[in-house]
**Q** 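Starting off with a structure, shown below.
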Protein chains: 2
Amino acid sequence: MGAGTSEGTTRRGRPGYDQETLVRRAVEVFNRRGYDATSVGDLASELGLTKSAIYHHVPSKEHLLSLALDDALDSLEVVIDAAVRESPAMSAYESLRTAVRRSVEVLVDKLPSVTLLLRVRGNSAIELQALERRRHIDEQLAGLVRSAVAEGALRDDVSPELISRLVFGMVNSLTEWYRADGDVDVAVLADAVVSLAFDGLALPQA
Amino acid sequence: MGAGTSEGTTRRGRPGYDQETLVRRAVEVFNRRGYDATSVGDLASELGLTKSAIYHHVPSKEHLLSLALDDALDSLEVVIDAAVRESPAMSAYESLRTAVRRSVEVLVDKLPSVTLLLRVRGNSAIELQALERRRHIDEQLAGLVRSAVAEGALRDDVSPELISRLVFGMVNSLTEWYRADGDVDVAVLADAVVSLAFDGLALPQA
DNA sequence: CCTACCGATCGGTAGG
DNA sequence: CCTACCGATCGGTAGG
């Protein structure tokens, strides 16, 4: 990174978009209108520049998608890998609680790119690669659930695979409604998700 | 309906698609490739007929979407209305359990059209109308949760709105992975969802 | 970062 | 007489 460009207000060259800003704003538009329904011309209009200006920063519309999906996947992989690695030292039950909590935090922190990721259906090679990385994450989470059930820490009347899908289905559903400017605090949300997932919504028996 | 056309094999005219079959098959393609990413030409190729044949059955691509969304919304509204109406006779807690269970059953029964519905983002007047009907359903469900909390039947340390969103987020996530030809039975699935939502995944205390 | 374009494909409709 | 379709093409717009 060149001197003086790392942060703050000093920049050389024409003021405007850098690639990171372009990706961030593009993801917002993709989420609002749908990736396929958004033409590069639409994108240019919404961002106040021309199609060619966009092609100055990225070689294709799909590369824009790829950068956004990598942002989401990288963050998710970090927290899931960490939870899986701590599993031998800690109980799988505790690692699973950590994984759920950290997943909520990543979803909130990287909401736009994770939202885009969760809407990918595999319509191109890039989307298929992203789905493959997602599948690997899902398998690691299912493994944690299996271990926690094997420890005797979780109920065994529902299969670990089904538990994993339903719990992380609940977590991922955050992207459907959570807004950073809303009235739901991240910590409150993460507590609620972990508590609902593990304790359910019936009254505490105690 | 004319004599002899109601069911069975006797039909007049050329054998082929009727509107209902067209909608059903189109929804499968829309879910696989995405509504916006599917051209009427794509659709025609996959269905083994021509674009003009499709326009014989429906006036527009959007009308095809509209028919599918109505199919999903009608079914969802039936079960939610029923749960809300039984609420005075029964406890809100019991009505909510019923609503969750019946919602799972509708999602499985109408999986393709509900999947399409849950992916709608409001890119057209028809999509906005569908989102409005969804919002009304969500409000009725949130009302049931509020009543159940007010009855003292549900925990009150998480807001009813958040409970509603997370529980039905879990329910709706079924569309991401459930397949009718898979190894998860509907009754088993409905039991698992209701039990996980109300009791959580920790070991039963008893 | 723009103007000026391309090969192709879009949703929709004609007559038969 | 109807339902179910076909081959060809319309005016516009897509990503690049």
Side-chain angles (χ1 to χ4, degrees), chain A residues 2 5 11-27 29-30 32-69 116 120 123-127, chain B residues 1-27 29-30 32-69 116 120 123-127:
Chain A
T5 63
R11 273 173 184 277
R12 273 187 300 200
R14 208 189 276 224
Y17 287 92
D18 54 13
Q19 196 190 61
E20 189 186 325
T21 307
L22 171 64
V23 172
R24 184 164 36 79
R25 300 238 12 222
V27 168
V29 179
F30 288 156
R32 182 155 30 83
R33 306 170 61 139
Y35 174 76
D36 288 306
T38 306
S39 72
V40 178
D42 293 335
L43 201 55
S45 301
E46 293 230 31
L47 270 48
L49 38 82
T50 61
K51 290 204 298 177
S52 300
I54 289 175
Y55 284 108
H56 169 75
H57 293 290
V58 288
S60 67
K61 185 189 177 192
E62 251 206 326
H63 190 74
L64 212 41
L65 176 64
S66 182
L67 289 170
L69 297 180
L116 193 61
V120 157
N123 285 329
S124 65
I126 281 180
E127 295 194 3
Chain B
M1 206 171 277
T5 64
S6 56
E7 56 175 346
T9 54
T10 48
R11 271 174 185 276
R12 272 189 299 200
R14 206 189 278 221
Y17 286 93
D18 53 14
Q19 196 191 61
E20 189 185 324
T21 306
L22 172 65
V23 172
R24 184 163 38 77
R25 301 237 12 223
V27 169
V29 179
F30 288 156
R32 182 155 30 85
R33 306 171 61 140
Y35 174 76
D36 289 305
T38 306
S39 72
V40 179
D42 294 335
L43 201 53
S45 301
E46 293 231 31
L47 269 48
L49 38 83
T50 61
K51 288 205 300 177
S52 298
I54 289 175
Y55 284 108
H56 169 76
H57 293 289
V58 288
S60 67
K61 185 189 177 193
E62 252 207 325
H63 190 74
L64 212 40
L65 176 64
S66 182
L67 288 170
L69 297 180
L116 193 61
V120 157
N123 284 329
S124 65
I126 281 180
E127 295 195 3

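None of the values given here were measured: they were computed from a predicted structure. In the text below, chain A, chain B and the rest are named by the order of the sequence lines, each starting its count at 1.
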**Q** To the nearest Å, give me how far apart CG (B:L47) and P (D:dC5) are.
**A** 10 Å
**Q** Please state how far atom NE2 in B:H56 lies from atom P in D:dC2, giving the value in whole angstrom units.
**A** 12 Å
**Q** Output yes when at least one side-chain N/O atom of B:H57 is less than 4.0 Å from OP1 or OP2 of D:dC5, else no.
**A** yes
**Q** Does CD belonging to A:E20 count more than 12 external heavy atoms closer than 6.0 Å?
**A** no
**Q** Is it true that the side chains of B:D18 and B:T21 contain a donor and an acceptor less than 3.5 Å apart?
**A** yes
**Q** From C:dC2, D:dC5, C:dG11, pick the nucleotide closest to the side chain of A:L49?
**A** C:dC2
**Q** Whole Å only: how far is the CD atom of B:E20 from the P atom of D:dT3?
**A** 17 Å
**Q** Do B:L43 and B:K61 have side-chain heavy atoms sitting under 4.5 Å apart?
**A** no
**Q** Taking all non-hydrogen atoms of both residues into account, name the closest pair between A:I54 and A:V40 and its distance.
**A** CD1-O, 3.8 Å
**Q** Without decimals, in angstroms, what is the distance between B:K51 NZ and D:dC6 C1'?
**A** 13 Å
**Q** To the nearest Å, how far apart are A:D36 CG and C:dG11 P?
**A** 12 Å
**Q** Round to a whole Å and report the spacing from OH of B:Y55 to P of C:dG16.
**A** 22 Å
**Q** Starting at NE2 of A:H63 and ending at P of D:dG15, how long is that distance when rounded to a whole Å?
**A** 17 Å
**Q** Nearest to the side chain of B:S52, heavy atoms from C-beta on, is which of C:dT13, C:dG12, D:dG16?
**A** C:dT13
**Q** Which is true for B:S39 with a 4.0 Å heavy-atom rule: it touches a base, it touches only sugar-phosphate, or it touches nothing?
**A** sugar-phosphate
**Q** Grab the NZ-P distance between A:K61 and C:dA8 for me, whole Å please.
**A** 19 Å
**Q** For C:dG16 versus D:dA4, give the span between their P atoms, rounded off to a whole number of Å.
**A** 22 Å
